[in-house]
Amino acid sequence: MRNILKIKNLWLIMLILITALTASIFTAVYAYQIPEEEIIQGIRYSYSHSGKYNYNATLVPNILYNTSILVNPDKAFLKLVKEISLNYEYSFSSPSLTKANGTLVVRLVVGQGELWKKVIVNKVKTFNGNTVNYGLKINVSKVAAYARNISSEIGISGSKYFIQIDTEARIDAVVSGEHIRETFPTSFTIDTDFISNIVSFSDREFSKDQEVKYSVREPTYVVLGSLSIPTSQFKLISVIPLIATSSLLAAVVFINRDKVFGGGLPEVKRIERKYGGLIVNVLSGGKEGFREVVKVADFSDLAKIADSLAKPIIHTVVSDSRERHIYYVIDGDVRYEYVVGNEEG
């Protein structure tokens, strides 16, 4: 019965170790799936370009508008527009700006759809600082007549012409200690239609925002309650219980290999397999004539006694209400015995 209890305790210990090993495996797998570093991104600096066309249409005396100037109109009647005063303002801005200068290229282009176009003004203006203005006056009737003359010269008829102002700001700036060289092109178009007698204006505001980002590698951490452990250390720590539990389980299995791997065999067969060389089988034997009969708790203890006394282990089978296997070692008038089946019901 005690042997059975020992086997049950062994399997309980192994179950605890296997459970601990499984938990440590999951912990280690989880730990090694966590990256040791993460990439943190932020904005190192930002800057923006902006360009705006402001224009006034100066009118000939008229009854329709009751005014001599239209400010930034979307459209107007062509015959009433005498002149357009246009001002372009470019600005480069940044919270971290320390220095800026550049040049502004302005081109005035006339054309007829995709058929032809001609540059009639080409100016370059340098500037110090982050802003620049450029103004010009356009006599719409004269420019349109000039365009119609070109179309007539090349034998193309038409009633629609465009006047286009192209600008290109070339900025050289220092932002957050870094040198920036960029261009910012814009285009503003005035369309004329001599059939509908309409002059119309395109979008007049332009902008471009830019962010320059940085990225750094930061170590990651595993938070356990109030503890914050670097992931690299947590990985090493997670391996310790894995090694400990696997080593302890292997040691327990190795030490008790006969019980573990022979657990499916009856105890008599296990005894014969391991200690068969020490056992002498007899047909009968009794307890009479012995001053003392000492019952040992485990067969391994009986084997130790036989080895120390240099005596064989005698084995006999007794059948009464149930079969019992009696193993004993005789030392004078003392008999040491181990019984299989003695207390089993």
Shared ILVMFWY cluster between [X] and [Y], side chains joined below 4.5 angstrom?
X	Y	value
F201	I69	no
F162	F77	no
V282	F290	yes
V317	Y338	no
V296	L278	yes

Just so I know, are the side chains of [X] and [Y] near enough to count as touching, which here means a heavy-atom distance under 4.5 Å?
X	Y	value
I313	L302	yes
N130	L97	yes
V293	E337	yes
T27	F234	yes
K208	F184	yes
H179	D172	yes
K137	I84	no
F127	N133	no

Problem - CA sep, side-chain torsions, deciding dist, call: S238, Y32, side-chain contact (heavy atoms from CB on, under 4.5 Å) - result: CA-CA 9 Å; S238 69; Y32 277 85; 4.1 Å; yes

Practice task
For side-chain contact (heavy atoms from CB on, under 4.5 Å), just list the numbers for L86 and F188, CA-CA rounded to whole Å, side-chain angles, deciding distance to a tenth of an Å, and then say yes or no.
Solution key: CA-CA 10 Å; L86 185 142; F188 178 73; 3.5 Å; yes

Exercise for the section: Mind checking side-chain contact (heavy atoms from CB on, under 4.5 Å) for A20 and listing every partner two or more places apart, or none if nothing turns up? Expected result: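 Scan of A20 (side-chain contact (heavy atoms from CB on, under 4.5 Å), adjacent residues dropped) gives T245.
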
Practice task
Take V334 and R291, measure what side-chain contact (heavy atoms from CB on, under 4.5 Å) needs, and give me the verdict at the end.
Solution key: CA-CA 6 Å; V334 179; R291 176 177 57 82; 3.4 Å; yes

Under 3.5 Å, is there a donor-acceptor pair linking the side chains of [X] and [Y]?
X	Y	value
S187	D166	yes
T231	T220	yes
D193	S196	yes
S48	S93	yes
E178	Y45	yes
T167	Y53	yes

Practice task
May I ask you to check whether over 12 heavy atoms, not counting those of N149, lie within 6.0 Å of atom CG?
Solution key: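 Result for CG/N149: enclosed.
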
Exercise for the section: Return yes when atom NZ of K311 has more than 12 non-hydrogen atoms of other residues, nucleotides or ligands closer than 6.0 Å, and no otherwise. Expected result: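 Yes, the 6.0 Å shell around NZ holds more than 12 heavy atoms from other groups.
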
As an exercise, state the distance from [atom1] of [X] to [atom2] of [Y], rounded to the nearest 0.5 Å.
X	Y	atom1	atom2	value
I165	L136	CD1	CG	6.0 Å
T58	N56	OG1	CG	6.5 Å
K235	I237	NZ	CD1	13.0 Å
N101	I171	CG	CD1	6.5 Å
N197	T192	CG	OG1	10.5 Å
S200	D191	OG	CG	4.5 Å

Can you see which heavy atom on [X] is nearest to which on [Y], and at what distance?
X	Y	answer
L283	T316	O-OG1, 3.5 Å
Y221	S228	CB-OG, 3.4 Å
S91	T131	OG-CG2, 3.7 Å
E36	S232	OE1-CB, 3.6 Å
I305	S308	O-OG, 2.8 Å
Y65	A76	OH-CA, 3.7 Å

Is the side chain of [X] donor-acceptor paired with the backbone N or O of [Y] at a distance under 3.5 Å, no angle test?
X	Y	result
N62	T67	yes
D203	E205	no
N72	N54	no

Handout entry: Pair R170 + E182: basic N to acidic O under 4.0 Å
Key =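 Salt bridge: no.
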
Handout entry: Derivation and outcome, side-chain contact (heavy atoms from CB on, under 4.5 Å), residues R148 and F194
Key = CA-CA 10 Å; R148 294 177 76 175; F194 285 90; 3.6 Å; yes

Handout entry: Option among E272, H315, E267 that satisfies the side chain to side chain donor-acceptor pair (under 3.5 Å) test with H325
Key =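 Of E272, H315, E267, side chain to side chain donor-acceptor pair (under 3.5 Å) with H325 is met by H315 alone.
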
Exercise for the section: Would you mind telling me which of K52, K125, H49 makes a side chain to side chain donor-acceptor pair (under 3.5 Å) with Y90? Expected result: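 By the side chain to side chain donor-acceptor pair (under 3.5 Å) criterion, Y90 pairs with just one of K52, K125, H49: H49.
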
Residues 106-120 side chain polar contacts: donor-acceptor under 3.5 Å, at least two apart:
from, atom 1, to, atom 2, distance (Å)
Q112, OE1, W116, NE1, 3.0
Q112, OE1, S151, OG, 2.5
Q112, NE2, S157, O, 3.2
W116, NE1, S151, OG, 3.2

Practice task
Taking the six-membered ring for Trp and the full ring for Phe, Tyr or His, determine whether the centres of Y336 and Y328 are under 6.0 Å apart.
Solution key: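 Ring centres of Y328 and Y336 not closer than 6.0 Å.
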
Practice task
Under the salt bridge (Lys or Arg N to Asp or Glu O under 4.0 Å) rule, collect the residues that match up with E211, sequence neighbours excluded.
Solution key: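 Once residues adjacent in sequence are excluded, E211 has no partner under the salt bridge (Lys or Arg N to Asp or Glu O under 4.0 Å) criterion.
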
